[in-house]
Every structure is written in structure tokens, then in C-alpha cells.
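Quick caveat: nothing in here was measured; it's all calculated off a predicted structure.
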Amino acid sequence: MSDTENRKAASRSDAKPAQIDDGTRVFFDQTRDAIPAGQSPGQPAPETPASETTEKKPKPHYHGHRQRLRERFIKGGSNALADYELLELMLCMAMPRGDVKPLAKSLIAQFGSFANVLAARPEDLQKAKGLGEAGIAAIKIAEASAQFLARERAMELPVIASWEQLIDYCRVRLGHRKTEELHLLFLDRKNRLIADECHQTGTVDHTPVYPREVIKRALELHASAIILVHNHPSGDATPSRGDIDMTRKIIDAAKPMEITIHDHIIISQAGYNSFKTLGLM
């Protein structure tokens, strides 16, 4: 074969590339880029991670803030935190991401106080911007826990002997309600709390209270005594004429059944009044 024919044969498209046998059988092909180790021919090259091509994002200003709040609370209790910080720490558990400090401050400003936020109705909390179901649930769980703790403490000793604990319980239970409620505290022979039941919702002057229903419920629970408790959302704990008349009717209905009416307590955000202390019974 002539030299010309040899050159033509070498330039044919079906000619195999030259090989160098150095133990690795490397093929020279200048028409394609080198293939990274572990990548099959024809497979697209992996993308470079964004973290390698861009700078790391700066940490948010509230980074570590939650941890510091938790540490302060664990070491110093509720007194170590401002009211909005205590609410913020509560919301953190339900809303694990983001800065909830503005939301906590907004809720306290909207409802007036930390206690009012806890006592707010779920339908009112739903109107608060940025507060979802998880946050509402956390708030209402905190309220229920406070009521449960106060009730348990009130039940530890006879109510008459632990008057301050009873008042604390009534304040937690009713002091921040926006609607007037009449509660009946049923007591056993040792003046221990058997049950706390809401007997009526609405202003006593406008919604009739039926003494016979009160006494009937006391008999069902085998209660020996009753304490009447209701709230005045207006903030004024002064008894009204309707409050006084209603109390006297219940006392009169209870006497034949040998059920004692110990007191009638009116609770408000500003304080409380006792019928017995005022000489009204």
C-alpha cells in the first residue's frame, strides 16, 4: 500500500483512536472534556452546591434569642421575663421558626395584658394577624393549665381555711372574662371543693336564675354548702340590686334542704367583693 493510501485509511471516520498502553488504557479524545471520576459517559455533570458558589447567609438578628429566653426563665422563673417575653417563649414552642417577639407585643397591646391574652376567646385570637391554630392552642393550653393548678391548690385544704387560694382560683377562672358568668362552687361536709360549674352566662339582671335548679344540682352532687361566684367585666366589683336579690332567693331555697350558702363573691380585674364581708348575708 502506498503512503497516500495509508494516510487516507488513517483519516477514515471508522478508524479507532490511537492507544497508549501504560497499564490504564487511556484514550485520547480532544473533542470532549474529561469525565470526572465516578461519572458515566453521557451523564450530566453534577451541579455545584450553592453553598460553594455563594457566601453563607448571615444569621438572623434573633439567632440564639430563644435559647437565652429559655435559660433566663429556667434560672429565674416568670419574674425574670417581661410579660411579652413570657408570651413570646410560649409562642416559640408552637411556632418553631421566625421571630415571634413582634407578635407577642402586638397581642398584649391588642388585648391589654398578658392575662387578657390567655383569657381571650379563640374566635377573637383568630383575628390577630400572624397567629395560627398552633399559637392559639398554646395560649389556651396555658390558660387551662393555670386554671387547673389554681383549682388543685384550692382543693388541697378546706375552702374556708384557704380563703386566699380560693380568691386566686376565682380570679384565674373569671377575672378576665368579657362575658358575665355565674359559677357555683359545691362543697362537701368538710368544706372541700367538689365541683365548679358555670350555672349561667349573661348579666344576672337580664337572665333569670332559678334557685330550685341550683339546689337540685347541689343534691345531685351530695353537696353540703355552696359558694356563689360571678364576675363583673366592667371592672367594678360592687354588688348590684339584682345580685343581692338573686342571692337572697337562693339562700331561702337552700335552708329547707339544710344546704349552707357560705358566700357570694364578685370578681373583677380590679379586685373582688364578698357579700359576707359587706354584711349582705
Ignoring hydrogens and geometry, is there a side-chain-to-backbone donor-acceptor pair from [X] to [Y] under 3.5 Å?
{"X": "D243", "Y": "S240", "answer": "yes"}
{"X": "K276", "Y": "H264", "answer": "no"}
{"X": "N273", "Y": "I266", "answer": "no"}

I'd like to check [X] versus [Y] (side-chain heavy atoms, cut-off strictly below 4.5 Å). Are they in contact?
{"X": "L118", "Y": "F111", "value": "no"}
{"X": "Q147", "Y": "E143", "value": "yes"}
{"X": "R177", "Y": "T179", "value": "no"}
{"X": "D263", "Y": "W163", "value": "yes"}
{"X": "I227", "Y": "L166", "value": "yes"}
{"X": "H232", "Y": "I267", "value": "no"}
{"X": "R173", "Y": "D196", "value": "yes"}
{"X": "D83", "Y": "V117", "value": "no"}

What heavy-atom pair brings [X] and [Y] nearest, and what distance separates the two atoms?
{"X": "I259", "Y": "A223", "value": "CG1-O, 4.1 Å"}
{"X": "P256", "Y": "A253", "value": "CD-O, 3.4 Å"}
{"X": "C92", "Y": "V100", "value": "SG-CG2, 3.7 Å"}
{"X": "R171", "Y": "G271", "value": "NH2-CA, 4.2 Å"}
{"X": "A128", "Y": "L107", "value": "CB-CD2, 3.6 Å"}
{"X": "A94", "Y": "A138", "value": "CB-CB, 3.8 Å"}

**Asked** Are there more than 12 heavy atoms of other residues, nucleotides or ligands under 6.0 Å from atom NZ of K216?
**Response** no
Quick one: pull up [atom1] in [X] and [atom2] in [Y] and give me the separation to the nearest 0.5 Å.
{"X": "L228", "Y": "I261", "atom1": "CG", "atom2": "CD1", "value": "5.5 Å"}
{"X": "I215", "Y": "Y210", "atom1": "CD1", "atom2": "OH", "value": "16.0 Å"}
{"X": "L219", "Y": "E258", "atom1": "CG", "atom2": "CD", "value": "11.0 Å"}
{"X": "H199", "Y": "E181", "atom1": "NE2", "atom2": "CD", "value": "13.0 Å"}
{"X": "E88", "Y": "L69", "atom1": "CD", "atom2": "CG", "value": "5.0 Å"}
{"X": "L125", "Y": "K140", "atom1": "CG", "atom2": "NZ", "value": "6.0 Å"}

**Message:** Assess the residue pair F73 and E85 against the criterion (side chain to side chain contact (heavy atoms under 4.5 Å, CB included)); give the C-alpha distance rounded to whole Å, side-chain angles, the decisive distance to 0.1 Å, and a yes or no.
**Reply:** CA-CA 10 Å; F73 177 73; E85 290 178 319; over 6 Å; no
**Message:** Could you check whether D236 and S234, counting side-chain N and O atoms only, form a donor-acceptor pair closer than 3.5 Å?
**Reply:** no
**Request:** Can you spot which of L87, L131, I108 makes a side chain to side chain contact (heavy atoms under 4.5 Å, CB included) with L103?
**Result:**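 The residue from L87, L131, I108 that satisfies side chain to side chain contact (heavy atoms under 4.5 Å, CB included) with L103 turns out to be L131.
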**Prompt:** So D124 and K178, side chain to side chain contact (heavy atoms under 4.5 Å, CB included) or not? Walk me through it.
**Reply:** CA-CA 11 Å; D124 292 331; K178 299 301 181 184; 5.8 Å; no
**Request:** Flag the pair E71 and R68 as a salt bridge only when some basic side-chain nitrogen lies within less than 4.0 angstrom of an acidic carboxylate oxygen.
**Result:** no
**Same cluster (ILVMFWY, side-chain, under 4.5 Å), Y84 and I139** = yes
**Asked** Is there a side chain to side chain contact (heavy atoms under 4.5 Å, CB included) between L187 and I194 once you walk through the steps?
**Response** CA-CA 5 Å; L187 312 177; I194 298 174; 5.7 Å; no
